Protein chains: 2
Amino acid sequence: MADINSNAKIPPQNGAGEGATAAGAQPRDAEAAWDIIELLFFAYRDFVGDPDAVLLKYAFGRAHHRVLHFVNRNPGMKVADLLDILNITKQSLGRVLKQLIDQGFIVQKEGAQDRRQRLLYATAKGEALSLKLAHLQTERINRAFGELGPGAHEAARRFLTAMIDSDNREGVLRQIARADRAKTRG
Amino acid sequence: MADINSNAKIPPQNGAGEGATAAGAQPRDAEAAWDIIELLFFAYRDFVGDPDAVLLKYAFGRAHHRVLHFVNRNPGMKVADLLDILNITKQSLGRVLKQLIDQGFIVQKEGAQDRRQRLLYATAKGEALSLKLAHLQTERINRAFGELGPGAHEAARRFLTAMIDSDNREGVLRQIARADRAKTRG
DNA sequence: CAAAATATGTCAATATGGCTGACATAAATT
DNA sequence: AATTTATGTCAGCCATATTGACATATTTTG
């Protein structure tokens, strides 16, 4: 045990929250978190694995999936917004975006106020594919929540949110909420 | 936090209200699961982002990280086991593994019973790097659990486990348990 | 208005980390 | 002795990421 955390550091934070558990819970948790590292690896691997088979038939990769997903969720988003979300360079985005546009999954429209902007929209074809892929993932998620208790969804949401960089967190939540509105009311 | 999804959806699927309990848990969440898709994306992005900066200084990538992590967690594992876990080809593994070996992070030893096998072990240097990287991730995890209540760890573990392909699930859990033993008793 | 900043696109070169196919070697199994 | 297994390796291809430089249109600013 000693060689795992090597006493390098016992996080002194006991944060807000109910239990807080003070210092008592730390020694065990420092090590217990290892299971989360590995579970996250395997869960994410399977999670993104589902759409891959479908994407193969379109000769698309995960990059296309990500772009299509966020464009579909945020109709009219700017290229710059997409770059921020994906954390890649415009050159990297350029290739996959061009393919999606050329093949009719996404269209660009000139911004109304700012005509330099190319606002992105999923076409009907693009939305169909995006939903098809998302469906595979929501199936997995809902199956998981079906196996677990009623509070599982909220617990997962809180956990995942807490795992995001705190500086990004607000932006991410805002972005998700905005997309929700766009798609449910749009 | 509950206001994220704003409950603004109206899938006509079933009348189950807030509770939506039962093992079936046929959620009104067919759509609500979208937030999990995106939270998982952002959480995983930040989660793997932490080690990247450190890896840069060694001219290593995520592939090296994964290999080193699992070898360190499973001392004496076979190359074939690693291939199964990572789900990649031996040619892909070969490149990164060779670099890790050449630079003294991993050593190979001939199998005792079966001398064809090359059993993999992290060196002291390798273990140090592996722990350094894992530490960044456990810090994030423990910070998250610090923000959440006392049941959060168990809930996260259950959620992530349920997200894994059911055919792999047992194997993964066995592998994690085995690694735990190897490192805590070893 | 002219100059500067912004949003986007594009060309070129490079790196990483996957892949397939073919072949090699040593050791175990039949 | 023949076959199978565990591993390694060569060679090449593909997808996706990077940096740097430059182009174009448009908006903002001095």
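Reminder, nothing fancy here: chain letters follow the sequence lines and each chain counts from 1. As the structure is a computational prediction, the values presented were derived from the model and not from experiment.
Look at NZ on B/K98: it is 10 Å from C1' on D/dT9, rounded to the nearest Å. Protein atom CG of A/L93 is 11 Å distant from nucleotide atom P of C/dT10, rounded to whole Å. The nearest whole Å value for the distance from the CD atom in B/E110 to the P atom in D/dT7 is 12 Å. Put simply, CG on B/L83 is 8 Å from P on D/dT7, counting in whole angstrom units. When rounded to the nearest whole Å, the span between CZ of B/R66 and P of C/dG17 equals 8 Å. Here D/dA15 presents its P atom at 18 Å from NE2 of A/H65, a figure rounded to the nearest Å. For the pair A/I88 CD1 and D/dA17 P, the computed distance is 5 Å after rounding to whole Å. D/dT16 atom P lies 13 Å from atom CG of A/L68, rounded to whole Å.
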Between A/E147 and A/R143, is the salt bridge (Lys or Arg N to Asp or Glu O under 4.0 Å) condition met? List the steps.
CA-CA 6 Å; A/E147 293 173 14; A/R143 173 171 48 65; 3.7 Å; yes
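A donor-acceptor pair under 3.5 Å is formed between the side chain of B/D46 and the backbone N or O of A/D165. Within the 3.5 Å criterion, the main-chain N or O of A/A33 finds no donor-acceptor partner in the side chain of B/T138. The main-chain N or O of B/L68 is never found under 3.5 Å from a side-chain atom of B/N72 such that the two would form a donor-acceptor pair.
Within the 4.0 angstrom heavy-atom criterion, no nucleotide atom of any strand lies near A/D52. Among the atoms of the strands shown, none is found under 4.0 Å from any heavy atom of B/G94.
Neither OP1 nor OP2 of D/dA11 sits under 4.0 Å from any side-chain N or O of B/R95. Between C/dG17 and B/H64, a contact under 4.0 Å exists linking OP1 or OP2 to a side-chain N or O. For A/T89, no side-chain nitrogen or oxygen approaches OP1 or OP2 of D/dA17 to under 4.0 Å.
When distances run from any side-chain atom of B/S92 to the nucleotides C/dC19, D/dT26, C/dC11, the shortest one goes to C/dC19.
Contact of B/Q91 with C/dG17 (side chain to base): no donor-acceptor pair of N or O atoms is detected under 3.5 Å.
Taking Ile, Leu, Val, Met, Phe, Trp and Tyr as hydrophobic and joining them when side-chain heavy atoms fall under 4.5 Å apart, one finds A/V107 in a cluster with A/L119, A/Y121.
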Could you list, one pair per line, each protein nitrogen or oxygen that sits under 3.5 Å from a nitrogen or oxygen of nucleotides 6-9 of chain C, together with the distance?
| unit_1 | atom_1 | unit_2 | atom_2 | d |
| --- | --- | --- | --- | --- |
| C/dT6 | O2 | A/R116 | NH1 | 2.5 |
| C/dT8 | OP1 | A/V79 | N | 3.4 |
| C/dT8 | OP2 | A/A80 | N | 3.0 |
| C/dT8 | O4 | A/K90 | NZ | 3.1 |
| C/dG9 | OP1 | A/Q108 | NE2 | 2.7 |
| C/dG9 | N7 | A/K90 | NZ | 3.2 |
| C/dG9 | O6 | A/K90 | NZ | 2.5 |

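Taking the nucleotide of DNA chain D with the nearest heavy atom to each of A/Q113 and A/Q99, the more 5' of the two is matched to A/Q99.
Of the charged side-chain nitrogens involved, none lies within less than 4.0 Å of a carboxylate oxygen, so that A/R116 and A/E110 do not count as a salt-bridged pair.
You'll find the side chain of A/I36 reaches within 4.5 Å of the side chain of B/H153, heavy atoms only.
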